[in-house]
Amino acid sequence: MRKVFKDRERILSFLLASPSILAVLIFIYAFIGWTVRVSLSKWKGLNPDYSWNGLTNYINLFSDPRFAVDIRNTVIFTVVFVGGTIILGFFLAVLLDQGLRGEGFFRSLFLFPMAISYIVTGVVWRWLMNPATGSRTSGFNLLFSYLGLDFLQNAWHTTPTWGIAAVALAAIWQMSGYTMALYLAGLRAIPHELSEAAQIDGASRLQIYRFVIIPLLTPITLSALIILGHMSLKVFDLIIAIAGKQLPLDVPAIYMWQTTFDGLFYGRGAAISILLLISVAVLIIPYIIYTLRSESFK
Amino acid sequence: MKKFVLSLMGVFVILSVVLSACATTPTAAPTQPPSGGQPAQPSEPTAPPAQPVGKQQVEVFSWWTGGGEAAGLDAMIKVFKARYPEIEFINAAVAGGAGTNARAVLASRLQAGDPPDSWQGHAGQELIGTYVAGNQILPLNDLYKSEGWLAVMPETLIPLISDNGNIYSVPVNIHRANVLWYNPQILKDNNIEVPTSIEAWFAAMDQLKAAGVTPLALGEQWTKMHLLETVLLGTLGVDAYNGLWTGETNWGGPEVKVALENFAKLLTYANTDSASLSWQDASQLVVNGDAAFNVMGDWAEGYFRELGKTPQVDYGWAPTPGTGGVFQFLSDSFVLAANAPHPESAIAWLKVAGSKEGQEAFNPVKGSICARTDCDKALFGEYLQSAMNDWATNQVVGSLTHGVVANDSWKSEIDTALGLFVQGGNLDSFQAALVAACKSSGPCK
């Protein structure tokens, strides 16, 4: 009787989960499969055309000078954004962890930017990073000139080649509070005994961070890396809000959108989205496997 | 036990709902637009299936959701309601991105076999290359004949909005792309005449540059494409310019190279922060006295008026250098869906859109001129009156940036080539990319 009941329970739980399983299968995996199929087709124009095109769309992308710009921009953006956010987030978390007064206030203050949408951030930073010169100078450049720091004035996101790094600054501003929250939770979870023991062994403060705390925060850093990394690969709205559809700040997501919906190159657009999916998967799948393994060991 | 049976039943209910929802998707799925197989019917767009009585509707899709555009549309809807009180007007406007969002929504509706009765599109190849090629819209030759529109619209306009002799849309308004805006005070201070040739323009800008004035105001990427099309027209002349879009002019030839060199030289006169300026920002530089010239469509004039500026005092206008006597146009127009749910009402809407009354209601509010040449000039301001005179008498050619001469795919390839050039490419690879774009998406072989 008991065994029968257990089986029934198992069937029931499967049945209860099945609607969402079905929805995920159709609306995520089936559509990924469909996009793969479109990316292997010659579809260009309004009406679907599934005639076989092999890997031509992918091969063309790798000789496409615009896609080369996209890859360069994505690499620069990812390095600056992920690196900057992790360093700044860690630094803020360490500051807050010193037990200063008004910690709650500063914690919220640093976290607030995350509550804003990328579009709003983009609009504000577009104004702050105004590259105009002469009498039309404004934003940061005007601030620098008030402070006598004229040598800091620059063209921000309109700088050739490196302009995308200025966009990453806005993203760092937005996401470093979040990284700070992650690190703060991590720091609070480290038992005091460990740093006390290191102190007794004669370790300096810097050495404690270098050899005790930072290694213990590795899982946090890894999570932050994954979360920030996949956001950075998919960045779209922030750039649209700052620069619109302009080639110097082009990234794969913008190229995909423009070529599909403005240019009606559905095959090429699908190929770009599949490449984006693969690049995000390369980042995330090892992490998922790692998490699943470490959970099953427990 | 009872509980188990109950919850089991609950699961089945949920499952059956989900499954039936899924089962209905394939019928609406984008596999085959219903019009795909059947050829377009040029002769009989006016013979609709019988309508259920008392249920007359027309759904009109546009991206006119704000400002003068939305007000103009409302004024035209008012004319429609007065003329056809029995038809319910459904305004299916989608906001955002100068129509980019709306067009993506429209594409998915068409792919799902759910077209609106009529929708807005830039007259010319943007409509023809996308919707005629996709068998989604019908020719309107009979309507043009029965309404007498051929007599009141410029003769040189008709081929630009036709394909194989079939006219596919009703232009509601006309904007001019080849307008050179200038600051009269700056030109006067520097003793400069308004340039009519590209050489004279360069000479004037050299002089201004030496005097410490920014000669040319330029904005983000699409405004550069707008400048390029006027330079192509100004350098090549009407016939060779039109030949670019029919495949008769060689994109790789020396004339195009001269035009591209002119374009590259123009960029050197522009403000350095162009990438961060919208078209409004760039045009405003001229009326504020921060720059001498700006090339922008004549919607800029509506913007100048909004800023409280006075024509001939704060801003002057002329055809862009080398394009005197030529009207490079763009137009918002409405089409007839191939499988419109209410074709009869859609025809009624198009009749209003092409009528003198409808266009006189729409255009003064939107800040554009009528596609018809018989609108009452007294309704319009000083600039628009001059544009109306030119529209009625000039040679009409189409704009590239605004969808008249090149289909969407071709235009987006040109845009990419232009973007790569502006961000530091060289002229030869720019020209090679333009040749390749014409081969892959245009008529070149």
Side-chain angles (χ1 to χ4, degrees), chain A residues 5 8-9 11-12 14-20 22-23 26-27 44-48 50 60 64-66 68-69 126-127 129-137 139 155-161 163 240 242-250 255 257-266 268, chain B residues 4 7-8 10-12 14-15 17-19 22 25 30-33 36 97 100-101 103-104 107 110-111 129-131 133-136 214 220-222 271-278 281 285 288 290 407-413 415-425 429 433 441:
Chain A
F5 190 73
R8 275 184 180 164
E9 209 169 40
I11 293 169
L12 182 65
F14 177 75
L15 284 176
L16 279 171
S18 57
S20 56
L22 209 67
I26 292 172
F27 292 107
K44 172 184 160 188
L46 192 66
N47 292 343
Y50 294 103
N60 287 345
D64 182 341
R66 178 166 176 179
V69 172
R126 177 191 174 125
W127 177 77
M129 301 195 295
N130 192 326
T133 50
S135 60
R136 293 186 293 116
T137 311
W156 300 107
H157 60 282
T158 57
T159 314
T161 313
I240 289 286
I242 289 185
K245 295 183 275 188
Q246 299 196 83
L247 212 128
L249 297 185
D250 204 43
Y255 189 14
W257 183 56
Q258 242 189 316
T259 204
T260 311
F261 297 111
D262 293 353
L264 304 172
F265 291 96
Y266 281 83
R268 187 195 292 166
Chain B
F4 174 77
S7 36
L8 206 61
V11 168
F12 276 123
I14 295 169
L15 257 183
V17 168
V18 170
L19 282 175
C22 296
T25 28
T31 42
Q32 265 290 318
T100 318
N101 296 355
R103 290 180 46 213
L110 294 177
Q111 283 158 7
T130 301
Y131 304 116
N135 295 321
Q136 296 285 0
T214 304
E220 58 186 309
Q221 192 168 318
W222 75 261
N271 46 311
T272 51
D273 60 338
S274 66
S276 72
L277 300 188
S278 65
D281 298 333
L285 294 182
N288 286 356
D290 288 320
N407 64 54
D408 286 331
S409 302
W410 192 3
K411 186 179 120 188
S412 89
E413 294 295 77
D415 185 44
T416 296
L418 174 75
L420 287 167
F421 173 65
V422 170
Q423 74 138 17
S429 45
S441 306

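A note on names: the letters A, B, ... follow the listed sequences, proteins ahead of strands, and every chain is numbered from 1.
The two residues A:A243 and B:E220 have their closest heavy-atom pair at O-OE1, 4.4 Å. For the pair A:L46 and B:T130, the tightest heavy-atom approach, listed with the atom from each and the gap, is CB-O, 3.9 Å. The minimum heavy-atom distance linking B:R103 with A:F261 is given by the pair NH2-O, 4.4 Å. A:D262 approaches B:D408 most closely through the heavy-atom pair O-CB, 3.2 Å.
Top candidate by heavy-atom pairs under 4.5 Å with chain A, chosen from B:A275, B:S409, B:G419, is B:S409. Among the candidates B:T272, B:D290, B:N271, the residue making the largest number of heavy-atom pairs closer than 4.5 Å to chain A is B:D290.
With a 4.5 Å cut-off on non-hydrogen atoms, A:A132 touches chain B through its backbone and its side chain both. Proximity to chain B (any heavy atom under 4.5 Å) is shown, for A:T161, by neither the backbone nor the side chain. Both the backbone and the side chain of A:P65 come within less than 4.5 Å of a heavy atom of chain B. Contacts of B:N407 with chain A are absent, with no heavy-atom separation under 4.5 Å from either backbone or side chain. With a 4.5 angstrom heavy-atom cutoff, A:F14 does not touch chain B via any of its atoms. When heavy atoms are compared at a cutoff of 4.5 Å, A:W257 approaches chain B solely by way of its side chain, counted from C-beta outward.
Formation of a donor-acceptor pair under 3.5 Å by the A:N47 side chain with backbone atoms of B:G134 is found in this model. Judged purely by atom type and a 3.5 angstrom limit, B:Q423 has no side-chain atom pairing as donor or acceptor with the backbone of A:L247.
Using a 4.5 Å heavy-atom cutoff, the side chains of B:D415 and A:K245 are not in contact.
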request  = Go through the steps to decide whether A:K44 and B:S441 satisfy the test side chain to side chain contact (heavy atoms under 4.5 Å, CB included), and finish with yes or no.
outcome  = CA-CA 10 Å; A:K44 172 184 160 188; B:S441 306; 3.1 Å; yes
request  = Let me see the working for A:R136 and B:L285 under side chain to side chain contact (heavy atoms under 4.5 Å, CB included), right down to the final yes or no.
outcome  = CA-CA 10 Å; A:R136 293 186 293 116; B:L285 294 182; 3.4 Å; yes
Intermediate values then yes/no, side chain to side chain contact (heavy atoms under 4.5 Å, CB included), A:H157 and B:S276 = CA-CA 8 Å; A:H157 60 282; B:S276 72; 3.9 Å; yes
inquiry  = Before you tell me yes or no, could you show the steps for A:V69 and B:L420 under side chain to side chain contact (heavy atoms under 4.5 Å, CB included), namely the whole-Å CA-CA distance, both residues' side-chain angles and the distance that decides it to 0.1 Å?
reply    = CA-CA 9 Å; A:V69 172; B:L420 287 167; 3.9 Å; yes
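Between A:R268 and B:E413, at least one side-chain N (NZ, or NE/NH1/NH2) sits under 4.0 Å from a carboxylate O, which counts as a salt bridge.
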